[in-house]
There are 2 protein chains.
Amino acid sequence: MPVKDCQTEKLIIDTAMNVFFAEGRLYATTQDIADAAGVNRTLINYYFRSKDELLAKVIQKAHEQFVSNSDAILISDLPFREKTEQFMDDFMDKLRRFPYLESFLTVDIIQQRLSKNSVDRFPKEPPQPIQQYLKEIGNEMEAGTIPKSNPVHFMINLVSLMIYPIIMRPLQMRLLNINDTEYDQVVNERKQIILGLLFPETINANTK
Amino acid sequence: MPVKDCQTEKLIIDTAMNVFFAEGRLYATTQDIADAAGVNRTLINYYFRSKDELLAKVIQKAHEQFVSNSDAILISDLPFREKTEQFMDDFMDKLRRFPYLESFLTVDIIQQRLSKNSVDRFPKEPPQPIQQYLKEIGNEMEAGTIPKSNPVHFMINLVSLMIYPIIMRPLQMRLLNINDTEYDQVVNERKQIILGLLFPETINANTK
DNA sequence: AATATGTTTGACATATTTGTCAACAAAAAT
DNA sequence: ATTTTTGTTGACAAATATGTCAAACATATT
């Protein structure tokens, strides 16, 4: 068999992504993943050498999937407001698909910071699309479309307001004393709520 | 010795809180905690029976510390805006002290949801102070001080904007391509930024 | 059919972590 | 003073997770 099969390898990666990022089994073992994929555990070692390398691959692929669309949106020449909305739609779609991805990455990054020997799983170069979007945010602030501040605040606000309610859902449901149905309803309203915050009426009215 | 010593027990709890919530060693073993506390590992079993029960105690104590002040603030009869600011000050203080607490709780809740046998570590009854604050948010919306919506949105916005930049700091620093000094600067500006979002000028102007 | 290459499997070794237990030390109570 | 209670320790056992290896298997090429 001259050509590499790639079937099983892909199956393992996809399954692992599902287990970690969709099901939220952050502590899943290699055996768990193998079971979920219906393959022998040692195949993980055969294809990825170690669990750590599988993680690296999985995170890399998740990263690719995550930025693929959004990068295109961010570097497009859409008007700022529409660009932001498209970015939000895309981002929230991905959040729905992999609600636990950010939690996983956070914990992973935290642990990496503590252990000196682990390999860095993220590209070191700053993502250009975000840099460009930050510039556009600055322009909008200059133009008075949105309140002036360090542009990173706008970006931080944007992602905070989208992500946090998703990753902290279990905790928030308890604190706010609401059930799944109600929380789903709230999540569905988020986009409009966030837009209302980021593009305040006063300033926004000028642009219309 | 009629009175329980309580010295070692307290030392272990405090150390564990520090390791988990301040240092962010989310995967710390009982040995790690014992080392950090400078005691024999089996003392953890002596005082808490199991690691799981230690976790329960630690989370419970963290919860108490976290709500102690903030509950008092939330049920006080301060004007809404001042109450919110005090709540923010208190909350951000605690975030600085235990930046990894929320991450830990999130992961813990996620895992608990998946494992049927684990004991529930959180009080089941909804926290009244938050319920009361939610009512006040509703009142403010009625009065037109803040934009109308489901009051939980205001609460979610508030905590999202405070917490997310802290717990996702490593990730955000990479994405936004800024260093520690710059990020510290951003964090220091957060309170004013958040207030500007939650209390938009137009509406706020009416109340002055 | 024989062989070579890539794939899959089960058995084993190793490391890590947690919990138990009996022995020991220290402090109070008798 | 000695007995009892409380606190502490090290050695051991059990469970779990990861990685390695040789052997078995399948498939395409010779």
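Side chains included, hydrogens not; waters and symmetry mates left out as well; all remaining heavy atoms used. We name chains A, B, ... by the order of the sequence lines, and we start the count at 1 in each one.
D:dT30 and C:dA1 make up a base pair, with Watson-Crick or G-U wobble contacts both under 3.5 Å.
Across the protein-nucleic acid pair, B:Ile44 atom CD1 and D:dT8 atom C1' stand 13 Å apart, rounded to whole Å. Following rounding to the nearest Å, A:Lys10 (NZ) and C:dT7 (C1') show an atom-to-atom distance of 19 Å. Atom CD of A:Glu9 is separated from atom P of C:dG6 by 14 Å (rounded to the nearest Å). Residue A:Leu43 contributes atom CG, which lies 5 Å from atom P of C:dT8 at whole-angstrom precision. Whole-Å rounding puts the B:Arg25 CZ to C:dT17 P distance at 11 Å. Between B:Asn40 atom CG and D:dA11 atom C1' there is a gap of 11 Å when expressed in whole angstrom units. Between the C1' atom of C:dT8 and the CD atom of A:Gln7 lies a distance of 14 Å, rounded to the nearest Å.
Applying the salt bridge (Lys or Arg N to Asp or Glu O under 4.0 Å) criterion to B:Asp35, with sequence neighbours excluded, gives no partner residue. Every side-chain hydrogen bond (donor to acceptor under 3.5 Å, both in side chains) that A:Asp184 has, sequence neighbours left out, goes to A:Arg169. With sequence neighbours excluded, no residue forms a ring-ring contact (aromatic ring centres under 6.0 Å, His included) with A:Tyr46. The side-chain hydrogen bond (donor to acceptor under 3.5 Å, both in side chains) search around B:Asn45 returns none, not counting sequence neighbours.
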Side-chain donor-acceptor pairs of residues 95-106 of chain A under 3.5 Å, sequence neighbours excluded:
unit_1, atom_1, unit_2, atom_2, d
A:Glu102, OE1, B:Tyr164, OH, 3.3
A:Thr106, OG1, A:Glu102, O, 2.6

Show me the donor-acceptor pairs within less than 3.5 Å that the side chains of residues 15-24 of chain B make with the rest of the protein, sequence neighbours left out.
unit_1, atom_1, unit_2, atom_2, d
B:Thr15, OG1, B:Leu11, O, 2.6
B:Glu23, OE1, B:Arg25, NH1, 3.0

Contact string for nucleotides 13-20 of chain D, one letter per nucleotide 5' to 3', B = base within protein heavy-atom range under 4.0 Å, S = sugar-phosphate only, - = neither, reads ----SBBB
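Judged by distance alone, the side chains of B:Asn157 and B:Ser160 never bring a donor and an acceptor atom under 3.5 Å apart. If you check the side chains of A:Ser50 and A:Asp52, you find no donor sitting under 3.5 Å from an acceptor.
For DNA chain C, none of the residues of residues 15-23 of chain B falls under the heavy-atom distance limit of 4.0 Å.
Remark: A:Tyr47 is in phosphate contact with C:dT8, judged by side-chain N or O atoms under 4.0 Å from OP1 or OP2. Note on A:Thr8: a side-chain N or O is less than 4.0 Å away from OP1 or OP2 of C:dT8.
Contacts classified as salt bridge (Lys or Arg N to Asp or Glu O under 4.0 Å) and involving residues 127-139 of chain A (residues at least two apart or in different chains) are given here: A:Lys83-A:Glu136.
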